[in-house]
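A short worksheet on the structure shown next.
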Amino acid sequence: MNIAIIGGGASGLMAGGYLAQYGNDVTIFDGNEKCGKKIYITGKGRCNVTNNCSKEEYLANVVNGNKFMMSAINQFSSQDTMTFFESYGVGMKTERGNRVFPISDKASDIIKALLIHASGCEIKLNERVLFIEKKDDLFLIKTTNGKYNFDRVIIATGGKSYPATGSSGDGYKFAKMLGHNIIEPRGALVPIKLKDSFCRETAGLSLKNVTLNAKQAGNNKSLFGEMLFTHDGISGPIALSLSSYLSNFKDVKLSIDFKPALSVEQLEKRLIRDFSNNLNKNISYIIKGLIPNSLVKVFLERATITSDKKVNSITKEERQKIILYLKNFPLEFAGLYPIETGIVTAGGVDLKEVNPKSMESKLVSGLYFIGEVLDIDCLTGGFNLQTAFSTAYACAINLK
């Protein structure tokens with residue numbers, strides 16, 4: 001068969017390599033000067049290629065498209081991804097949170113492996129696809145360089161985040177041309193904006209082993225781990241992951257639990273002990289032992305306690321207020337950063353219109369969608385790249 005793949009990223013190269021091995025004539029179109037531009041920046045240039053977890057754990061980290069991905073992850077798991085790259089000479093290592101990286105810490109090694117894998121494909125760089133239509137049994141593709149006919153077309157264009165890498169949202173346009181519905185794309189894994197003015201003073205501050213809580217329309221979500229303050233909000237692993245659960249951006253209530261390992265009762269016992277050992281110290285001295293120094297001022301302002309008030313003058317009500325804010329420090333939600341800043345894109349081709357086993361369109365025979373162009377997004381930790389590889393393999397093995 002004569003097969004076109006639109007997009008030379010993780011999913012496009014993976015699918016193309018297998019399809020060429022199965023004896024198909026495969027052409028990969030990419031508008032960039034090189035393939036895999038987005039892979040180069042994943043994991044801060046180290047490429048968090050997958051997560052060393054079970055299929056069930058992978059599915060638990062899929063925010064949108066959980067049921068849809070059951071078939072694909074069963075066809076090509078995280079362990080299959082690691083074996084794949086090791087077969088091309090790229091050693092794998094597992095780090096905190098089961099994140100998997102190349103031993104070299106070089107995303108370029110992942111790209112090289114994928115390019116070797118796809119060496120049987122014709123790769124057309126700097127050639128952007130402009131138009132796709134199906135006439136009879138053939139697909140007509142018009143690009144910046146010419147016109148082509150293909151038996152099958154796979155759209156692997158990615159989402160709309162990080163437009164500098166070529167993620168311009170073209171895949172949504174092609175899907176619409178061919179009659180598909182698009183779930184409104186939005187940024188996922190993006191920083192969260194806050195109205196709190198103190199952020200300017202705490203920018204760069206990292207908090208570890210805290211819980212970030214969100215309440216929205218009766219739905220509660222809490223994530224434990226690391227976060228950091230920016231000049232106008234919060235970022236870091238748990239903030240980015242939490243952003244994927246926030247929708248419509250209305251009535252979101254955020255808070256931090258600085259001491260998630262301690263119950264209210266345990267925290268009260270600790271405070272009473274600290275108080276009794278430091279009766280003549282300022283209350284700010286006690287708070288500095290509980291939270292980072294740069295947050296002490298705003299914390300006490302929220303609790304309406306002056307920083308130089310002596311511990312022996314703190315009332316029971318004030319102590320209760322301190323406990324309240326240690327367990328539930330409020331943040332004023334202002335929205336999410338724009339889609340261009342997202343690590344991945346939520347939204348995309350409506351999953352109801354795609355076969356989850358083969359990734360083939362239910363509306364147009366011979367048309368396939370893989371990777372981020374689909375309405376699938378996951379939490380951080382290598383799960384999104386795993387989605388790209390699993391959908392690519394499912395497509396290729398069923399198309400061969």
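Fair warning: this is a prediction, and the values are worked out from it, not measured in the lab. Computation of the quantities below employed the complete heavy-atom set of this structure, encompassing side-chain atoms and omitting hydrogens, waters and symmetry-equivalent molecules.
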Across all chains, not counting sequence neighbours, the side chain to side chain contact (heavy atoms under 4.5 Å, CB included) partners of Ile39 are Ala10, Thr42, Cys47, Ile110, Ile111, Leu114
In residues 130-141, what donor-acceptor pairs under 3.5 Å come from side-chain atoms, sequence neighbours left out?
{"from": "Lys134", "atom 1": "NZ", "to": "Ser365", "atom 2": "O", "distance (Å)": "2.7"}
{"from": "Lys134", "atom 1": "NZ", "to": "Ser365", "atom 2": "OG", "distance (Å)": "3.0"}

Please list, chain by chain and in numerical order, all residues satisfying side chain to side chain contact (heavy atoms under 4.5 Å, CB included) with Lys34, sequence neighbours excluded.
-> Lys37, Tyr40
Sequence neighbours excluded, the answer for salt bridge (charged side-chain N to carboxylate O under 4.0 Å, His left out) partners of Lys124 is Glu122
Phe389 ring center near Phe84 ring center (under 6.0 Å) = no
Compute whether any side-chain donor of one residue and acceptor of the other, for Ser104 and Asp109, lie under 3.5 angstrom apart.
-> yes
Residues forming a side chain to side chain donor-acceptor pair (under 3.5 Å) with Ser87, sequence neighbours excluded = none
State which residues pass side chain to side chain donor-acceptor pair (under 3.5 Å) with Asp257; sequence neighbours excluded, sorted by chain then number.
-> Lys327
Contacts under 3.5 angstrom, residues 18-28 side chains, donor-acceptor by atom type, not counting sequence neighbours:
{"from": "Gln21", "atom 1": "NE2", "to": "His117", "atom 2": "ND1", "distance (Å)": "3.4"}
{"from": "Asn24", "atom 1": "OD1", "to": "Met1", "atom 2": "N", "distance (Å)": "3.4"}
{"from": "Asn24", "atom 1": "ND2", "to": "Leu19", "atom 2": "O", "distance (Å)": "2.9"}

Got a donor-acceptor contact below 3.5 angstrom from the Ser244 side chain to the Leu379 backbone?
-> no
Applying ring pair (Phe, Tyr, Trp, His ring centres under 6.0 Å), name anything that partners Phe198, two or more places apart in sequence or on another chain.
-> Phe229
Any pair with a residue in residues 45-71 that passes salt bridge (charged side-chain N to carboxylate O under 4.0 Å, His left out), sequence neighbours left out, goes on the list, sorted by first then second residue, please.
-> Arg46-Glu95, Arg46-Asp105
Determine all donor-acceptor pairs shorter than 3.5 Å in which one atom belongs to a side chain in residues 299-307; sequence neighbours excluded.
{"from": "Arg302", "atom 1": "NH1", "to": "Pro330", "atom 2": "O", "distance (Å)": "2.8"}
{"from": "Arg302", "atom 1": "NH2", "to": "Asp196", "atom 2": "OD1", "distance (Å)": "2.7"}
{"from": "Thr304", "atom 1": "OG1", "to": "Lys321", "atom 2": "NZ", "distance (Å)": "3.1"}
{"from": "Thr306", "atom 1": "OG1", "to": "Asp308", "atom 2": "OD1", "distance (Å)": "3.4"}

Is there a donor-acceptor contact under 3.5 Å from the side chain of Thr144 to the main chain of Glu127?
-> no
For residues 264-291, the salt bridge (charged side-chain N to carboxylate O under 4.0 Å, His left out) pairs (sequence neighbours left out) are Glu268-Arg319, Arg270-Asp274
Ser235 meets the side chain to side chain donor-acceptor pair (under 3.5 Å) criterion, sequence neighbours left out, with none
